[in-house]
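Order of listing sets the numbers, starting from 1, for every ligand and every atom in it. The residues of the chain are indexed from 1 along the displayed sequence.
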Amino acid sequence: MYIAVVTGASSGMGREFVLQLSEKERFDEIWIIARSADRLAALQAECKSPLRVMPMDLCDPASYSLYRDALAASAPQIGVLVNCAGYGKFDYCEDIPLDEQLGMIDLNNRAMTSFTMLSLPYMKPGAKIVQVDSLSAFQPVPYMAVYGATKAYVLSYSRALNVELAPRQIRVMAVSPGWVKTDFFDRAEKNRERPVVRYMNVLYEPADVVRTAIRHLYHTKKDVSVHGLPVLAQVLGVKLLPHRWVMKIWMRQQGLPNHRAHNHRADAKK
Ligand SMILES: NC(=O)c1ccc[n+]([C@@H]2O[C@H](COP(=O)([O-])OP(=O)(O)OC[C@H]3O[C@@H](n4cnc5c(N)ncnc54)[C@H](OP(=O)(O)O)[C@@H]3O)[C@@H](O)[C@H]2O)c1
């Protein structure tokens with residue numbers, strides 16, 4: 001059985017990966033993973049490939065065993081793995097509950113690493129792994145400190161893994177989106193009255209970001225896929241400028257308070 005596996009498939013870019021992969025290749029099944037069983041099941045109506053709905057919470061390590069057991073039971077050949085599940089929480093560091101901060105690490109890093117490692121024994125030469133990181137992977141981002149750090153992990157891990165897996169002819173590609181119109185922000189910004197992100201130069205459609213990623217995956221040897229010239233310019237820019245300048249520009253763009261924490265907290269209460 002030849003399959004694709006997509007995490008974070010219930011919405012946004014993960015959902016798009018499912019639909020566009022089913023157009024690109026013939027899979028016996030696409031295994032789709034997220035917490036919302038209803039949203040996953042609804043995807044079948046729009047998808048060409050048969051879907052196996054696998055609702056699970058990837059912050060819970062029990063999900064690794066569920067996945068391991070499902071693979072052992074079906075012994076599939078995995079053609080494509082897309083690790084797209086992820087979330088961010090944006091705020092002053094002391095205003096983000098610790099369990100949310102650790103939850104980002106659990107989902108964006110631990111689950112992504114686990115699903116990658118558990119999938120490898122089921123991959124043959126030609127298999128492809130997509131790891132969704134973010135433009136924030138390229139620079140430290142105040143007020144998204146943990147989120148940005150988790151995405152830097154994804155980028156670094158993907159690039160190194162791509163080199164390690166080259167002898168097995170397994171390709172690993174990171175996808176580094178800029179701002180994308182998805183449900184992501186409903187979860188990321190607790191304080192919608194006074195959000196952290198107040199300025200976006202461009203807001204992309206998830207379908208367009210995923211279309212570019214799939215083209216890069218199947219038709220190039222890139223290890224990082226970037227959609228949009230402004231995003232590419234920023235990736236190159238942050239390589240040239242000192243990080244403290246890059247962070248200053250970010251703080252100014254978003255009108256974020258660049259002073260001590262207690263001032264910020266007083267400011268936030270106004
Ligand atoms: N939107 C942006 O501007 C942007 C920019 C750069 C990078 N990204 C990254 O792109 C990826 C996809 O995000 P998106 O923008 O498409 O947002 P989204 O629409 O919120 O999608 C996030 C997906 O992750 C799943 N998910 C969240 N928590 C989960 C958990 N504990 N267990 C299993 N699945 C979970 C969600 O499904 P359930 O809620 O059903 O579990 C959903 O399918 C993320 O890794 C995000 O960090 C987004």
Task: Option set Leu107, Val175, Asp38, Thr182, criterion heavy-atom distance to atom 1 (N) of ligand 1, minimum - done: Thr182
- [ ] Taking all heavy atoms of His227 and all of Thr212, pick out the closest pair and write down the distance.
- [x] ND1-OG1, 2.6 Å
Open item on the list: Against ligand 1, does Cys84 come closer than 4.0 Å with any heavy atom?
Closed with: yes
Task: Closest protein heavy atom (residue, atom, distance) for atom 39 (O) of ligand 1 - done: Arg35 NH2, 3.0 Å
Open item on the list: Using side-chain heavy atoms (C-beta onward) and a distance below 4.5 Å, is Val141 in contact with Tyr147?
Closed with: no
TODO: Mark yes or no: Lys128 above the aromatic ring of Tyr218, with NZ or CZ under 6.0 Å from the six-membered ring centre and no more than 45 degrees from the axis.
DONE: yes
Open item on the list: Can you tell me if Asp133 contacts ligand 1 (heavy atom of the residue under 4.0 Å from the ligand)?
Closed with: yes
Open item on the list: Does either side chain, that of Tyr143 or that of Gln254, offer a donor lying less than 3.5 Å from an acceptor on the other one?
Closed with: no
Task: Heteroatom proximity flag, Ser134 to ligand 1, N/O under 3.5 Å - done: no
Task: Protein contact to atom 31 (N) of ligand 1 [nearest heavy atom, distance to 0.1 Å] - done: Asp57 OD1, 2.8 Å
TODO: For atom 6 (C) of ligand 1, grab the closest protein heavy atom and report residue, atom and distance to one decimal in Å.
DONE: Pro177 O, 3.5 Å
- [ ] Side-chain contact test, heavy atoms from C-beta onward, threshold under 4.5 Å: evaluate it for Gln20 versus Arg211 and give yes or no.
- [x] yes
Task: Any Met56 heavy atom less than 4.0 Å to ligand 1 - done: yes
- [ ] Check whether any N or O atom of Ile33, backbone or side chain, sits under 3.5 Å from an N or O atom of ligand 1, and answer yes or no.
- [x] no
- [ ] Could you tell me whether some N/O pair between Met13 and ligand 1 is separated by less than 3.5 angstrom?
- [x] yes
Open item on the list: For atom 40 (O) of ligand 1, tell me which residue out of Ser36, Ser176, Gly12, Ala137 has the closest non-hydrogen atom.
Closed with: Ser36
Task: side-chain contact (heavy atoms from CB on, under 4.5 Å) between Trp179 and Asn201, worked out - done: CA-CA 8 Å; Trp179 305 119; Asn201 52 349; 4.0 Å; yes
TODO: Please verify whether a non-hydrogen atom of Ala111 lies at under 4.0 Å from ligand 1.
DONE: no
Open item on the list: Quick one, Phe17 and Val80 - any side-chain contact, counting heavy atoms below 4.5 Å?
Closed with: no
Open item on the list: If I compare all heavy atoms of Met104 with all of Gly88, which pair ends up nearest, and what's the gap?
Closed with: SD-CA, 3.8 Å
- [ ] Grab the two heavy atoms, one from Val175 and one from Ala213, that are nearest each other, plus how far apart they are.
- [x] CG2-CB, 3.8 Å
Open item on the list: If you measure every N or O of Tyr147 against every N or O of ligand 1, does any of those distances drop under 3.5 Å?
Closed with: yes
Open item on the list: Within the 4.5 Å heavy-atom criterion, are Thr7 and Tyr67 side-chain neighbours or not?
Closed with: no
Open item on the list: Check for me whether Lys151 has a heavy atom closer than 4.0 Å to any atom of ligand 1.
Closed with: yes
- [ ] Around atom 3 (O) of ligand 1, find the nearest protein heavy atom and jot down its residue, atom name and distance.
- [x] Val180 N, 2.8 Å
Open item on the list: Do Val154 and Asn83 make a side-chain contact, defined as non-hydrogen atoms from C-beta onward lying under 4.5 Å apart?
Closed with: no
Open item on the list: Within ligand 1, which atoms have a heavy atom of Asp183 less than 4.0 Å away?
Closed with: 19 (O), 20 (O)
Open item on the list: Please check whether Gly14 reaches ligand 1 - meaning an N/O of the residue sits under 3.5 Å from an N/O of the ligand, judged on distance alone.
Closed with: no
- [ ] For atom 18 (P) of ligand 1, state which one of Ser63, Ser11, Gly103 supplies the nearest heavy atom.
- [x] Ser11
TODO: Show which atoms of ligand 1 fall inside a sub-4.0 Å distance from at least one heavy-atom site of Val132.
DONE: 9 (C), 10 (O), 11 (C)
TODO: Below 4.0 angstrom from a heavy atom of Ala85, which ligand 1 atoms are there? Numbered from 1 as shown, please.
DONE: 24 (O), 34 (N), 45 (O)
- [ ] Using a strict 4.0 Å cut-off to heavy atoms of Cys59, name the atoms of ligand 1 that fall inside it.
- [x] 31 (N)
Open item on the list: So that I can tick it off, tell me whether Arg15 and Asp183 are bridged by a salt bridge, with the cut-off set at under 4.0 angstrom between side-chain N and carboxylate O.
Closed with: no
Open item on the list: Among all the protein's non-hydrogen atoms, which is closest to atom 36 (C) of ligand 1, and how far away is it?
Closed with: Ser10 OG, 3.8 Å
TODO: Work out whether the distance between some heavy atom of Glu16 and some atom of ligand 1 is less than 4.0 Å.
DONE: no
Task: Nearest atoms (heavy-atom pairs only) where Phe90 meets Ile96 - done: C-CD1, 4.2 Å
TODO: State, with a plain yes or no, whether a side-chain heavy atom of Val210 is found less than 4.5 Å away from one of Leu19.
DONE: no
TODO: Could you tell me the residue and atom name of the protein heavy atom closest to atom 27 (C) of ligand 1, and the distance to it rounded to 0.1 Å?
DONE: Arg187 NH1, 3.4 Å
Open item on the list: Using side-chain heavy atoms (C-beta onward) and a distance below 4.5 Å, is Ser176 in contact with Val231?
Closed with: no
Open item on the list: So if I count the atoms of ligand 1 from 1 in the order they appear, which ones are less than 4.0 Å from some heavy atom of Leu58?
Closed with: 30 (C), 31 (N), 32 (N), 33 (C)
TODO: Answer whether the closest heavy-atom distance between the side chains of Tyr153 and Ile105 falls below 4.5 Å.
DONE: no
Task: Phe185-ligand 1 polar pair, N/O distance under 3.5 Å - done: no
Task: Close-contact set for ligand 1 against Ala9 heavy atoms, below 4.0 Å - done: 43 (O)
- [ ] Do me a favour and list the nearest non-hydrogen protein atom to atom 25 (C) of ligand 1 with residue, atom name and distance?
- [x] Gly8 CA, 3.7 Å
Open item on the list: Give me the nearest non-hydrogen protein atom to atom 34 (N) of ligand 1 as residue plus atom name, then the distance to 0.1 Å.
Closed with: Ala34 CA, 3.6 Å
Open item on the list: Heavy-atom contact check, 4.0 Å cutoff: does Gly88 meet ligand 1?
Closed with: no
Task: Backbone or side-chain N or O of Trp179 under 3.5 Å from ligand 1 N or O - done: no
Task: Passing option when Tyr2 is tested against Gln77, Glu25, Glu29 for side-chain hydrogen bond (donor to acceptor under 3.5 Å, both in side chains) - done: Glu25
Open item on the list: Does this structure show an ion pair linking Asp28 with Arg26, if we count only N-O contacts that are shorter than 4.0 Å?
Closed with: yes
